[in-house]
Q: 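Dropping a structure here in structure tokens format, bear with me for questions.
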Amino acid sequence: MINIAVLGYGTIGSGVIEVLKTNCESIAKRAGDQIDVKYVLDLREFPGDPIMEKLVHDVNTILEDPEVKIICEVMGGVEPAFTFVKSALLKGKSVVTSNKELVAKHGAELINMAKEHNLNFLFEASVGGGIPIIRPLNQSLTADEIVEITGILNGTTNYILSKMCDEGLGFEAALAEAQKLGYAERNPAADVEGHDACRKIAILSSLAFGMQVDYEDIYTEGITKITDIDILYSKALGAKIKLFATSIRDNDRVYAMVAPAMIKSNHPLFSVNDVFNGIFVRGNVIGDVMFYGSGAGKLPTASAVVADIVDAAKHFGKNIWTIWSSKKLELTDVNQVKHRFFLRVKGSAQDVKDQVAKLFGEVEEVKAEGIQGEYAFISESISEQDVKEKINKLADVLSLIRVRF
Ligand code: HSE
């Protein structure tokens with residue numbers, strides 16, 4: 001019997017209990033022994049739920065119990081999760097987590113601690129929900145130098161954009177649905193402002209490049225400024241708007257960014273809709289690889305957490321080596337990065353058109369049925385710095401979206 005403890009009985013925690021119960025036999029075969037949840041930690045009470053038998057309110061009950069070999073941290077947030085995870089590793093327990101805030105901030109340190117104590121700190125569920133992406137980066141794509149990772153890494157925002165585009169739903173209504181389905185963060189600002197995707201691309205970049213990529217250094221823009229009119233224009237272009245998290249290596253420099261992007265059907269992430277996530281990875285020898293699946297939600301995320309529990313059980317006494325040094329990777333200044341930009345400028349089309357021509361030179365005009373009193377266009381490829389300087393000279397810019405076609 002392998003005793004484990006689950007810290008947090010929220011959406012993911014209850015999902016972990018459910019998955020362990022549903023697939024009890026096959027999981028036992030794969031782990032080499034039966035997995036038993038000895039404790040569940042939560043401050044709340046759950047009257048009528050059989051989990052009450054295992055519920056404890058004091059983490060020390062778990063930390064002091066030598067029978068508990070694996071801790072499954074699914075509380076979310078940096079503290080007290082960080083303190084609990086460190087204490088667990090110091091007590092000789094392996095840890096698995098779905099907590100992207102924790103991994104993005106302290107991943108290097110916790111990996112190192114696990115290594116020093118011949119334990120494991122595993123975090124497959126922290127990126128892409130149920131999609132295997134951490135293990136492939138760590139263990140499968142090891143012959144390659146990774147040159148690009150571009151992902152739709154947030155299920156909530158992809159769900160919102162899909163509903164706005166395909167069903168004409170408003171932003172707030174789509175967000176409310178995503179919350180009801182258990183996709184969104186407790187504070188959904190983390191989803192819609194891009195911070196969740198930012199932490200996830202920081203984790204993937206740190207693994208891909210083996211050094212600490214600080215999420216605070218990544219330029220991040222969410223989807224709150226995307227309107228139904230932007231969506232009308234994107235449809236007129238045969239395009240879709242997606243929240244992209246990108247990390248690209250160019251020679252020895254890496255740039256990373258989270259921002260909405262307009263893409264057309266020739267882009268591999270075009271058909272990634274609803275709560276699905278897609279992650280496109282380019283290696284210098286393998287070429288392009290794609291990962292696709294449910295990016296959020298109770299059972300898909302719990303599936304990845306339980307897979308880590310199985311891996312931890314299979315590797316008692318043996319650390320699974322992960323390269324993520326705490327040395328900081330300095331990112332390229334995003335102002336130097338070039339894109340084509342979709343812009344909408346308020347004013348009579350003729351007046352704005354002349355101004356735009358002077359500032360941007362040749363542009364591609366974009367028209368959408370029924371929209372008046374503004375001028376929309378796509379620029380040539382120019383730097384972020386250049387576009388900022390140019391739009392400062394325009395009176396009223398209604399939107400700016402990076403174009404990936
Ligand atoms: N709120 C996150 C998302 C949950 O929507 O992707 C999964 O990390």
Side-chain angles (χ1 to χ4, degrees), residues 8 10-16 19 72-78 81 96-105 107 122-135 149-164 169 171-207 215 218 220-224 226 241-246 258-260 269 272-279 291-308:
T11 308
I12 314 301
S14 56
V16 167
V19 170
C72 167
E73 185 280 305
V74 284
M75 305 159 58
V78 175
V96 309
T97 183
S98 58
N99 186 337
K100 49 257 163 139
E101 290 104 320
L102 175 70
V103 178
K105 183 103 189 137
L122 304 174
F123 45 92
E124 183 60 73
S126 65
V127 181
I131 308 172
I133 179 64
I134 304 290
R135 203 164 278 110
I149 302 175
T150 291
I152 294 173
L153 296 180
N154 182 270
T156 302
T157 46
N158 205 39
Y159 183 85
I160 294 172
L161 290 172
S162 300
K163 291 281 161 188
M164 285 171 79
L169 216 65
F171 181 93
E172 293 299 336
L175 171 60
E177 273 192 18
Q179 285 178 295
K180 214 166 82 192
L181 291 164
Y183 302 155
E185 297 301 300
R186 218 169 300 157
N187 175 3
D191 297 296
V192 298
E193 299 292 356
H195 305 310
D196 178 74
C198 170
R199 290 191 176 95
K200 290 168 175 168
I201 194 70
I203 295 171
L204 296 184
S205 307
S206 298
L207 285 173
Y215 63 83
I218 299 176
T220 299
E221 224 181 87
I223 63 161
T224 47
I226 304 292
I241 301 170
K242 298 283 181 191
L243 184 64
F244 265 20
T246 298
V258 174
L269 296 172
V272 178
N273 294 317
D274 297 318
V275 72
F276 287 93
N277 282 190
I279 307 152
F291 300 87
Y292 172 84
S294 291
K298 178 174 166 170
L299 293 181
T301 311
S303 158
V305 174
V306 173
D308 273 352

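Keep in mind that what you see is a predicted model, and the values were worked out from it rather than measured. Numbering starts at 1 and runs along the sequence shown. Just follow the structure's listing: the first ligand is 1, and inside any ligand the first atom is 1.
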Q: Show which atoms of ligand 1 fall inside a sub-4.0 Å distance from at least one heavy-atom site of K100.
A: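 The atoms of ligand 1 under 4.0 Å from a heavy atom of K100 are 2 (C), 4 (C), 7 (C), 8 (O).
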Q: Distance-only, no hydrogens or angles: does the T156 side chain make a donor-acceptor pair with backbone N or O of Y183 under 3.5 Å?
A: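 Yes, the answer is positive, given that a donor and an acceptor are paired below the 3.5 Å cut-off.
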Q: Looking only at atom types and distance, does a side-chain atom of S14 sit under 3.5 Å from a main-chain N or O of T11, one as donor and one as acceptor?
A: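 Yes, S14 side chain to T11 backbone: donor-acceptor pair under 3.5 Å.
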Q: Mark up the atoms of ligand 1 that fall under 4.0 Å of a heavy atom belonging to E185, in ascending order.
A: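 Numbered from 1, ligand 1 contributes 1 (N), 2 (C), 4 (C).
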Q: Which ligand 1 atoms are under 4.0 Å away from a heavy-atom of G295?
A: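 What qualifies from ligand 1 is 6 (O), 7 (C).
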Q: Using a 4.0 Å cut-off to any heavy atom of A296, which atoms of ligand 1 qualify?
A: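 It comes down to these atoms of ligand 1: 3 (C), 4 (C), 5 (O), 6 (O), 7 (C).
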Q: Using a 4.0 Å cutoff against the non-hydrogen atoms of T156, which atoms of ligand 1 qualify?
A: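 Ligand 1 atoms under the 4.0 Å threshold to T156: 1 (N), 3 (C), 5 (O).
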Q: Whether the side chain of S303 engages the backbone of L299 through a donor-acceptor N/O pair (distance < 3.5 Å, no angle test) should be reported.
A: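 No: the side chain of S303 does not pair with the backbone of L299.
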Q: Does only the side chain of T157 get under 4.0 Å from ligand 1, or the backbone, or both, or neither? Count heavy atoms.
A: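 No part of T157 is near ligand 1 at this cut-off.
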Q: Taking only heavy atoms of N154, which atoms of ligand 1 are found under 4.0 Å from at least one of them?
A: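 Result: 2 (C), 3 (C), 5 (O), 6 (O).
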Q: For T97 and E73, indicate whether the former's side chain and the latter's backbone hold a donor-acceptor pair under 3.5 Å.
A: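 Checked: pair present.
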Q: Backbone N or O of I133 within a donor-acceptor pair of the E124 side chain at under 3.5 Å?
A: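 Such a contact is found between E124 side chain and I133 backbone.
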Q: Specify the protein heavy atom at minimum distance from atom 6 (O) of ligand 1: its residue, its atom name, and the distance to 0.1 Å.
A: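 So the nearest neighbour among protein heavy atoms is G155 N, 2.7 Å.
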Q: Check ligand 1 against D191 and write out every atom of the ligand that is under 4.0 Å from a heavy-atom position of the residue.
A: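 Here the atoms of ligand 1 in question are 1 (N), 2 (C), 3 (C), 5 (O).
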Q: So L169 and E177, do their side chains get closer than 4.5 Å, heavy atoms only?
A: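 Sidechains of L169 and E177: in contact.
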Q: Verify side-chain hydrogen bond (donor to acceptor under 3.5 Å, both in side chains) between N273 and K242, making sure each step is shown before the conclusion.
A: CA-CA 9 Å; N273 294 317; K242 298 283 181 191; 2.9 Å; yes
Q: By number and element, which atoms of ligand 1 are closer than 4.0 Å to a non-hydrogen atom of K200?
A: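 Atoms satisfying the 4.0 Å criterion: 2 (C), 3 (C), 6 (O), 7 (C), 8 (O).
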